[in-house]
Amino acid sequence: IAVLILLSFLQATLIPLDLVLIFLILHSYITPGKENLYLGFFFGLLVSFLGNLPLGIYSLVYISLIQAAYFYKKTPFSNNIFLSLPLIVVALGINSIITSLVLQVSLQFWPKVIYETLIAFPVYLALRFWDERFIVKQEVKLKV
């Protein structure tokens, strides 16, 4: 949660890329669960509030794209991250289109989505490392 708060403030102030959406999609891709939907809703509200946008727009977009990541995770070719890059490109493109329609500004698809896709791979590796090293799975039984 602390990382998402930091990313939302960075997104609203310094970096004009959608870092929160990248993190949420990749986290829901790695560890599916209901908590990702809650995170998507609340951090969508926070990003909307910090960006001075209509509240709830990003929440709806984040929840729907997290749900799409769940559906994509169930496909047989989702085991390879390089085959999952189209999920990221499509999700970021949909987010860019919806944002441009709501704010009534021109569509900035080409450079922004490519930069966000390039950022997604190191974020995926960092999330994967964190999940494997520091999160105890239910299958693991610790002996005391």
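The shortest heavy-atom contact between Val113 and Val89 is CG1-O, 4.1 Å. Ala91 and Leu65 make their closest contact through O-CD1, 3.4 Å (heavy atoms, listed as atom of the first residue, atom of the second, distance). The two residues Ile66 and Gly40 come nearest to each other via the heavy atoms CD1-CA, 3.9 Å. When all heavy atoms are compared, the tightest approach of Thr99 to Asn95 is OG1-O, 2.7 Å.
Separation of atoms CD (Glu116) and CD1 (Ile25) is listed at 9.5 Å; rounding is to 0.5 Å. Here the straight-line distance linking atom CG of Leu19 with atom CG of Leu24 works out to 11.0 Å at 0.5 Å rounding. In this structure, Ser96 OG and Leu107 CG are separated by 4.5 Å, a value rounded to the nearest 0.5 Å. Between Phe43 atom CZ and Ser59 atom OG the span is 11.0 Å, to the nearest 0.5 Å. Put simply, CG on Leu103 and CD1 on Ile98 are 11.5 Å apart, with the number rounded to the nearest 0.5 Å.
For CD1 of Ile1, the number of neighbouring non-hydrogen atoms (other residues, nucleotides, ligands) closer than 6.0 Å is 12 at most.
Using a 4.5 Å heavy-atom cutoff, the side chains of Ile88 and Leu26 are in contact. By the 4.5 Å heavy-atom criterion applied to side chains, Leu127 and Phe23 are counted as neighbours.
By the rule that hydrophobic residues join a cluster once side-chain heavy atoms approach within less than 4.5 Å of another member, Leu60 and Val90 end up as members of separate clusters. Trp110 and Leu21 fall into different hydrophobic clusters, where Ile, Leu, Val, Met, Phe, Trp and Tyr residues are linked whenever their side-chain heavy atoms come under 4.5 Å apart, directly or through other members. A continuous path of hydrophobic side-chain contacts links Phe9 to Leu6 [ILVMFWY only; heavy atoms under 4.5 Å]. Tyr70 and Ile22 fall within a single hydrophobic cluster, where Ile, Leu, Val, Met, Phe, Trp and Tyr side chains are chained together by heavy-atom contacts under 4.5 Å. Put simply, Leu125 and Leu118 are part of two different groups of oily side chains (I, L, V, M, F, W, Y) that touch within less than 4.5 Å, one to the next.
The main-chain N or O of Ser28 is never found under 3.5 Å from a side-chain atom of Thr31 such that the two would form a donor-acceptor pair.
The side chain to side chain contact (heavy atoms under 4.5 Å, CB included) check on Leu55 picks up Leu45, Ser48, Phe49, with sequence neighbours excluded. Annotation: side chain to side chain contact (heavy atoms under 4.5 Å, CB included) contacts of Thr75 (sequence neighbours excluded): Tyr72, Phe77, Ser78.
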Item to check | Test side chain to side chain donor-acceptor pair (under 3.5 Å) applied to Asn36 and Tyr62, step by step | outcome: CA-CA 10 Å; Asn36 292 323; Tyr62 287 0; over 6 Å; no
Checklist entry - Could you go step by step and tell me if Leu53 and Val102 meet the side chain to side chain contact (heavy atoms under 4.5 Å, CB included) rule? => result CA-CA 9 Å; Leu53 300 170; Val102 168; over 6 Å; no
Checklist entry - Can you check side chain to side chain contact (heavy atoms under 4.5 Å, CB included) on Gln11 and Leu17, steps first, answer last? => result CA-CA 6 Å; Gln11 178 180 334; Leu17 302 175; over 6 Å; no
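For the side chain to side chain contact (heavy atoms under 4.5 Å, CB included) criterion with Leu4, the lone passing option out of Val20, Val47, Leu46 is Val20.
Ring orientation note: the planes of Phe121 and Tyr124 are close to parallel, at an angle under 30° on the 30°/60° scale.
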